[in-house]
Amino acid sequence: MLVVLAGLVLWATNDFLSQRFSENARNRAELRGVMYSGQLLSELQRNAVVPLMLARDPALIMALSSGDYATTSARLITAQQEIGAASIRLLDASGRTVAATDRQILGANFVSAPYFVDAMRARDTVFTASVSENGGYEFVYSRAIADSSGTLGVVVVGTDLRRLERDWAGISDAVAVTDSTGVVILSNESRWLGLPLDEALAVRTAPNAIGRAFQVTSDWTNNPVDAWVKGRAVMQTETRINFLGWRMYNFTTYESIRERVNAVLAMEAMIFAVLAAIIFYVLSRQAQRKTVAYMRESADLRALNARLTREIAERERVQRELRVAEQTVQQSSKLAALGEMSAGVSHELNQPLAAMKTYIAGARLLLDRGRSDEALSSFQRIDDLVDRMGTITRQLKSYARKGGEAFEPVDLRQALSNALTMMEPQLRRRPVRIVRDLPRKPVMVYCDRIRLEQVLINLLRNALDATKAVPDARVEIGIDTGAQAVVTVRDNGSGVSDLDKLFEPFFTTKKPGEGTGLGLAISSGIVADFGGRLTAHNAEDGPGAVFELTLPLYDPDGGRADRPLAAE
């Protein structure tokens, strides 16, 4: 009951005082906004008449007419000191700076600057706010200078509104001035400049002024709040400036309100704390009678803690033994890798041997029919396959030592064509729809042609094996070029269930006796030797797996090849 009563009293006090103190703070913020806007408008009006005065100066008109600017810059410097303008520039009719208070910009051309273009068109004093090179805004008045012969040039007077920003930097409020489009053009928070007000409040922080007030507890003194900056509540006041639709916004924190409200709440909390202390004293007398029982429970807890300590020690011992076992398994894996080469030779020679068997059978039939010339062609292919098998064994040895010596520019389209030729016997055994999407121009990569064809044959063979149980078997092959060359082999099989282990040696998804689990592991190593990467994932828009072979292009200056329509 005491806690509920204290909560109700504190809530009511907080609500009443927060509303009262917030209203006082809002009135003070509005008065500051009127004062700041008056200073800004006064500064603008003070500089608005300067271009008109200078445009009628006979000395400037004579200088533009005669082209003699020997004393013009000194005259502008004197005028600047008397008037208090930020800068004064004199531009001729071509936009070239012929005189200026800043002699470093003499000769610079501002023919495309908005203040020059608008002044030449308007024939009146023009105000322009544009982004300067240092990221802030530059505020200038400009007016065309003319005589009886026509327009001679433009006088540009800079207005130092950044001085007001420096004055605002010393206050605890965040001040922002927006133009007619709602973009912040003046603010004592430099990171707000150039942003719409909503975006500045949502994205930008205010560490120099308003941010310091946020280093306190979360605001709960004003609900609802006017605005939020980085999730923190602030009081927002708006003042209209009678100049080109400008508006000034003041953002005041609730720090002073919070301190005054919390002081009263602290006093009330202290009173309730004294009452609570009395109640706690009474309750403590009752608690003493339960101390003995707690001590007995404490002894039981100590015994339980000792037992848990022993169990933790046993668990750590088991973990150490598990790490030793893992190291043993890793060593066993290293020893098992010694057998990969012999199994890899058998795996990689299956395709040439199957093709040789087919060619021998075909040559026998051709000889029986008296077609010796065609039989000689088959024997020539067998001879090529024998050379290829010798090359494969050499390349497998090269793979074992992570390198090759037969690197040359290779056309990916030709390598894929050779791989499909090697796969002809398997493709004829059952209907498989092969869809190729190849570029018209050569796609050159720098690698070993034989080993590259080995990788492509292995990917095609896996795609065929994955579609054995599919009625309408389909294998899509594509080559794409961009920053790198990418060969894509996609099937419409059942996909891969364990992608993480796919490229590990001896891992296979085939039935026992149908695969060794070395093909993709060897292929991945070959592609790595080429400086490329072999990856796999399941298709997102349908069944099947997608293998992507990425290789660096041999000609880095070659553009993307034109692609024809897909051919089956």
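Predicted model, so just to flag it, every value in this text is computed and none were measured. Atoms considered below: every heavy atom in the structure, side chains included; atoms not considered: hydrogens, waters and symmetry mates.
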Which pair of heavy atoms, one from [X] and one from [Y], lies closest together, and at what distance?
{"X": "V410", "Y": "C447", "value": "CG2-O, 3.8 Å"}
{"X": "P51", "Y": "V155", "value": "O-CG1, 3.9 Å"}
{"X": "P552", "Y": "V445", "value": "O-CG1, 3.5 Å"}
{"X": "L41", "Y": "N242", "value": "CD1-O, 3.8 Å"}
{"X": "R533", "Y": "V527", "value": "N-CG1, 3.2 Å"}
{"X": "A144", "Y": "A55", "value": "O-CB, 4.0 Å"}

Ignoring hydrogens and angles, tell me if any N or O in the side chain of [X] forms a donor-acceptor pair with the backbone of [Y] under 3.5 Å.
{"X": "S73", "Y": "Y69", "value": "no"}
{"X": "S284", "Y": "Y281", "value": "yes"}
{"X": "D92", "Y": "G153", "value": "no"}
{"X": "S65", "Y": "I61", "value": "yes"}
{"X": "D491", "Y": "V475", "value": "no"}
{"X": "S37", "Y": "V34", "value": "yes"}
{"X": "N492", "Y": "G544", "value": "no"}

Decide, yes or no, whether a salt bridge links [X] with [Y] under the criterion of side-chain N to carboxylate O below 4.0 Å.
{"X": "E30", "Y": "R32", "answer": "no"}
{"X": "R75", "Y": "D57", "answer": "yes"}
{"X": "R143", "Y": "D124", "answer": "yes"}

Have a look at L90 and tell me which of T97, L64, L106 forms a side-chain contact (heavy atoms from CB on, under 4.5 Å) with it. L64
Got a sec: does the [atom1] of [X] have more than 12 other heavy atoms crowding it under 6.0 Å?
{"X": "R240", "atom1": "CZ", "value": "no"}
{"X": "M53", "atom1": "CE", "value": "no"}
{"X": "N305", "atom1": "CG", "value": "yes"}

Heavy-atom side-chain proximity of [X] to [Y] below 4.5 angstrom:
{"X": "S142", "Y": "D118", "result": "no"}
{"X": "S87", "Y": "D102", "result": "no"}
{"X": "M248", "Y": "V175", "result": "yes"}
{"X": "D437", "Y": "I479", "result": "no"}
{"X": "V9", "Y": "F272", "result": "yes"}
{"X": "V183", "Y": "Y137", "result": "yes"}
{"X": "V489", "Y": "V546", "result": "no"}
{"X": "L54", "Y": "I145", "result": "no"}

Does a donor on one side chain and an acceptor on the other come within less than 3.5 Å for D179 and T181? yes
Determine whether the aromatic ring centres of residues W192 and Y249 are separated by less than 6.0 angstrom. no
Examine F530 together with Y446 and report whether their ring centres are nearer than 6.0 Å. no
Distance in Å, [X] [atom1] paired with [Y] [atom2], rounded so as to fall on 0.5 Å steps:
{"X": "L534", "Y": "L459", "atom1": "CG", "atom2": "CG", "answer": "5.5 Å"}
{"X": "L2", "Y": "I279", "atom1": "CG", "atom2": "CD1", "answer": "4.5 Å"}
{"X": "W246", "Y": "L44", "atom1": "CH2", "atom2": "CG", "answer": "5.0 Å"}
{"X": "Y115", "Y": "L91", "atom1": "OH", "atom2": "CG", "answer": "6.5 Å"}
{"X": "S180", "Y": "L244", "atom1": "OG", "atom2": "CG", "answer": "7.5 Å"}
{"X": "S94", "Y": "N109", "atom1": "OG", "atom2": "CG", "answer": "5.5 Å"}

Checking R89 against F110: charged group under 6.0 Å from the ring centre and within 45 degrees of the axis? yes
